[in-house]
**Q** 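Before I ask anything, here is the structure I am working with.
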Amino acid sequence: MTIRLPDFKGGFRAYEPREEPFAVTRGTPFTSRTVFSAAHVVADPFADSTPDAPAAVDWDATLAFRRHLWSHGLGVAEAMDTAQRGMGLDWAGAAELIRRSAAEAKSVGGLIACGVGTDQLTGPATLDEVRAAYEEQLALVEESGAQAILMASRALAAAAKGPEDYLEVYGHLLRQSAEPVVLHWLGPMFDPALEGYWGSSDLDAATDTFLQVIAAHPDKVDGIKVSLLEARREIDIRRRLPQGVRCYTGDDFNYPELIAGDDQGFSHALLGIFDPLGPLAAEAVRVLDTGDAKGFRELLDPTVELSRHLFQAPTRFYKTGVVFLAWLAGHQSHFTMVGGLQSARSLPHFARAYELADGLGLFPDPKLAEERMKNLLSLYGVTQ
């Protein structure tokens, strides 16, 4: 049995779906790496919402997906850009998401870290207002019992006049944080408003400022998350970190080699692609825990083509593919996103994502995934 899938040239190709999923064996907690999946949110498809209205979230399905990730041993990185932070999910929605997910993590013993930003600011802001916004969100995350991830701030990027403003704002926040945090450097390919972060569009200069922040407060920095899609730069930053400060790769193009590491170190992981790859990624990390780096790469290297497809430019719309695959995998009953973001990718893009994910065995029920893919195709007028 085959399914007709559109190609990128206006035609169609026949694809024979896989019959069995990838075999997953749950095991003990990871020992060699700390691994977070940034998780998406599930929209409420029956809410009467408009593009400018607050996000309507299906809380039951959203929390169920987090339990799915925890069940495989993955940590959850909550309220990050994968959760459509700043692209459909406002601060009020993110705050509720943090509260609910942190409580759920406590109930199941799951690892959780939550994004701290400044997205309650909706217009031009002063540095004092940026600091106050960060402080409000940091307090909420700490009160929830979750670890804090200090995310890059659009408001700070707009207000800062140079590196010294970043040093002052981040230094202030690190001095008052109750526990060590993760510092997040999100590149402009994920959010164009973050161009010139750390006070310069020259990445070498920006890197120096970033490392200066960490060097001044190494006891308050658990680690860094680097999302620049440049493996060599991440490795360089990783080797320059103070002793005890971790590097969590956020490179959705080069994660297998960065996690595997080299004779001078390795990266832990905090990745959006581990949302759809969760069970397979967990299996690979457990293989790595045994010291089998070759087996780890054999499992994870074939997933890179799918990741590069989902994260292709404009990269910030990768969330659409992530949610699409969650629907095909049966983690939610519909393909609707907050802010209507399900319209952000084309039918050929979806078809290729389905083909690549199915080939990896990511769908627990391949027949369900095939049926849902055919239903989507029929909405576009494609007959089988």
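Index from 1, following the sequence.
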**Q** Look up atom CZ in Phe274 and atom CG in Leu300, then write down how far apart they are to the nearest 0.5 Å.
**A** 5.0 Å
**Q** Do the side chains of Ile214 and Leu174 get nearer than 4.5 Å, heavy atoms only?
**A** no
**Q** Not counting sequence neighbours, which residues clear salt bridge (charged side-chain N to carboxylate O under 4.0 Å, His left out) with Asp262? List them please.
**A** Arg238, Arg239
**Q** Would a distance-only check, ignoring hydrogens and angles, find a side-chain to backbone donor-acceptor pair under 3.5 Å from His268 to Thr34?
**A** yes
**Q** Indicate whether any N or O donor in one side chain lies under 3.5 Å from an N or O acceptor in the other, for Gln137 and Thr118.
**A** no
**Q** Contact between Phe36 and Val182 at the side-chain level, heavy atoms closer than 4.5 Å - yes or no?
**A** no
**Q** Roughly how far, to the nearest 0.5 Å, is SG of Cys247 from CZ of Phe266?
**A** 10.5 Å
**Q** Would you compute the distance between atom CG of Leu138 and atom CG of Leu150 and round it to the nearest 0.5 angstrom?
**A** 6.5 Å
**Q** Under the 3.5 angstrom rule, does the side chain of Gln120 hit a backbone N or O of Ala133 as a donor-acceptor pair?
**A** yes
**Q** Counting only heavy atoms from other residues, nucleotides and ligands, does the tally under 6.0 Å from CZ of Phe8 exceed 12?
**A** yes
**Q** My understanding is that only residues two or more places apart in sequence, or in another chain, count here; which of them pass side-chain hydrogen bond (donor to acceptor under 3.5 Å, both in side chains) with Glu143?
**A** none
**Q** Answer yes or no: is there a donor N or O on one side and an acceptor on the other, between the side chain of Tyr255 and the main chain of Leu270, under 3.5 Å?
**A** no
**Q** Not counting sequence neighbours, which residues clear ring pair (Phe, Tyr, Trp, His ring centres under 6.0 Å) with His217? List them please.
**A** none
**Q** Quick check: does any side chain N or O of Lys106 sit under 3.5 Å from a backbone N or O of Ser144, one acting as donor and the other as acceptor?
**A** yes
**Q** Does a side-chain heavy-atom distance below 4.5 Å link Val213 with Leu183?
**A** yes
**Q** Give a yes or no on whether Asp219 atom CG has more than 12 heavy-atom contacts from other residues, nucleotides or ligands under 6.0 Å away.
**A** yes
**Q** Gln342 versus Phe324: any side-chain heavy-atom pair under 4.5 Å?
**A** no
**Q** Is any side-chain heavy atom of Trp91 closer than 4.5 Å to one of Leu121?
**A** no
**Q** Who pairs with Asp222 by salt bridge (charged side-chain N to carboxylate O under 4.0 Å, His left out), at least two apart in sequence or on another chain?
**A** Arg246
**Q** Any side-chain donor-acceptor pair under 3.5 Å between Ser267 and Thr249?
**A** no
**Q** Are Met337 and Met373 connected into the same hydrophobic cluster when the rule is that any two of I, L, V, M, F, W, Y join if their side-chain heavy atoms are below 4.5 Å apart?
**A** yes
**Q** Once salt bridge (charged side-chain N to carboxylate O under 4.0 Å, His left out) is applied, do any residues pair with Asp301, and if so which ones, sequence neighbours excluded?
**A** Arg297
**Q** Taking Arg85 for its side chain and Asp90 for its backbone only, find out whether a donor-acceptor pair lies under 3.5 Å.
**A** no
**Q** Between Lys367 and Glu371, is there a side-chain N and carboxylate O pair less than 4.0 Å apart?
**A** no
**Q** Identify which one of Asn254, Asp252, Leu356 satisfies the side chain to side chain contact (heavy atoms under 4.5 Å, CB included) criterion when paired with Ser307.
**A** Asp252
**Q** Run the ring pair (Phe, Tyr, Trp, His ring centres under 6.0 Å) test against Phe317 and tell me which residues pass, sequence neighbours left out.
**A** none
**Q** When you look at Val323 and Leu341, which way does the side-chain contact (heavy atoms from CB on, under 4.5 Å) test go after all the steps?
**A** CA-CA 10 Å; Val323 176; Leu341 206 62; over 6 Å; no
**Q** Taking C-beta and beyond as the side chain, do Thr209 and Ser200 meet within less than 4.5 Å on heavy atoms?
**A** no
**Q** Are the charged groups of Arg100 and Glu104 less than 4.0 angstrom apart, N to O?
**A** no
**Q** Test side chain to side chain donor-acceptor pair (under 3.5 Å) on Asp275 and Ser37 and set out the steps.
**A** CA-CA 6 Å; Asp275 180 305; Ser37 167; 5.0 Å; no
**Q** Kindly say whether Ala43 contributes a backbone atom to a donor-acceptor pair with the side chain of His334 at under 3.5 angstrom?
**A** yes
**Q** State the CD-CD distance between Gln147 and Glu142, to the nearest 0.5 angstrom.
**A** 10.5 Å
**Q** Measure the shortest side-chain to side-chain distance between Lys220 and Val181 over non-hydrogen atoms and say whether it is less than 4.5 angstrom.
**A** no
**Q** Hey, are Arg352 and Asp7 close enough for a salt bridge, meaning a charged N less than 4.0 Å from a carboxylate O?
**A** no
**Q** So, does Trp70 use its side chain to make a donor-acceptor pair with the main chain of Leu111 at under 3.5 Å?
**A** yes
**Q** Quick one: ring-ring contact (aromatic ring centres under 6.0 Å, His included) pairs with a partner in residues 365-384, sequence neighbours left out?
**A** none
**Q** Counting C-beta onward and ignoring hydrogens, is there a side-chain heavy-atom pair between Phe22 and Leu360 closer than 4.5 Å?
**A** no
**Q** Quick one: pull up CG in Leu277 and CG in Leu271 and give me the separation to the nearest 0.5 Å.
**A** 9.0 Å
**Q** Measure up the Tyr318 and Phe190 rings against each other and bin them: parallel (under 30°), tilted (30 to 60°), perpendicular (over 60°).
**A** perpendicular
**Q** Would you please name every residue forming a side-chain hydrogen bond (donor to acceptor under 3.5 Å, both in side chains) with Arg240, sequence neighbours left out?
**A** Asp208, Asp236
**Q** Keeping Arg33 on the side-chain end and Ile259 on the backbone end, is there a donor-acceptor pair under 3.5 Å?
**A** yes
**Q** So, Glu283 and Arg286, do they make that salt bridge, N to O below 4.0 Å?
**A** no
**Q** How far does CD1 of Ile3 sit from CD of Glu355, to the nearest 0.5 angstrom?
**A** 10.0 Å
**Q** Is the gap between the ring centers of Tyr166 and Tyr197 under 6.0 Å?
**A** yes
**Q** Any side-chain hydrogen bond (donor to acceptor under 3.5 Å, both in side chains) involving residues 56-65? Give me the pairs, sequence neighbours left out, ordered by first then second residue.
**A** none
**Q** Only one of Met80, Lys225, Glu78 passes side chain to side chain contact (heavy atoms under 4.5 Å, CB included) with Ile149; say which it is.
**A** Met80
**Q** Salt bridge (charged side-chain N to carboxylate O under 4.0 Å, His left out) with Asp358: which residues, sequence neighbours excluded?
**A** none
**Q** Going by the rule ring pair (Phe, Tyr, Trp, His ring centres under 6.0 Å), which residues pair with His72 if we only count those two or more places apart in sequence or in a different chain?
**A** His68
**Q** Does CD in Gln384 sit with more than 12 non-hydrogen atoms of other residues, nucleotides or ligands closer than 6.0 Å?
**A** yes
**Q** Can you check whether Thr383's main-chain N or O pairs, donor with acceptor, with Arg4's side chain at less than 3.5 Å?
**A** yes
**Q** State whether the side chain of Arg18 and the backbone N or O of Phe363 hold a donor-acceptor pair below 3.5 Å, judged by distance alone.
**A** no
**Q** Return the set of residues passing ring pair (Phe, Tyr, Trp, His ring centres under 6.0 Å) with His172 (not counting sequence neighbours), or none when no residue passes.
**A** none
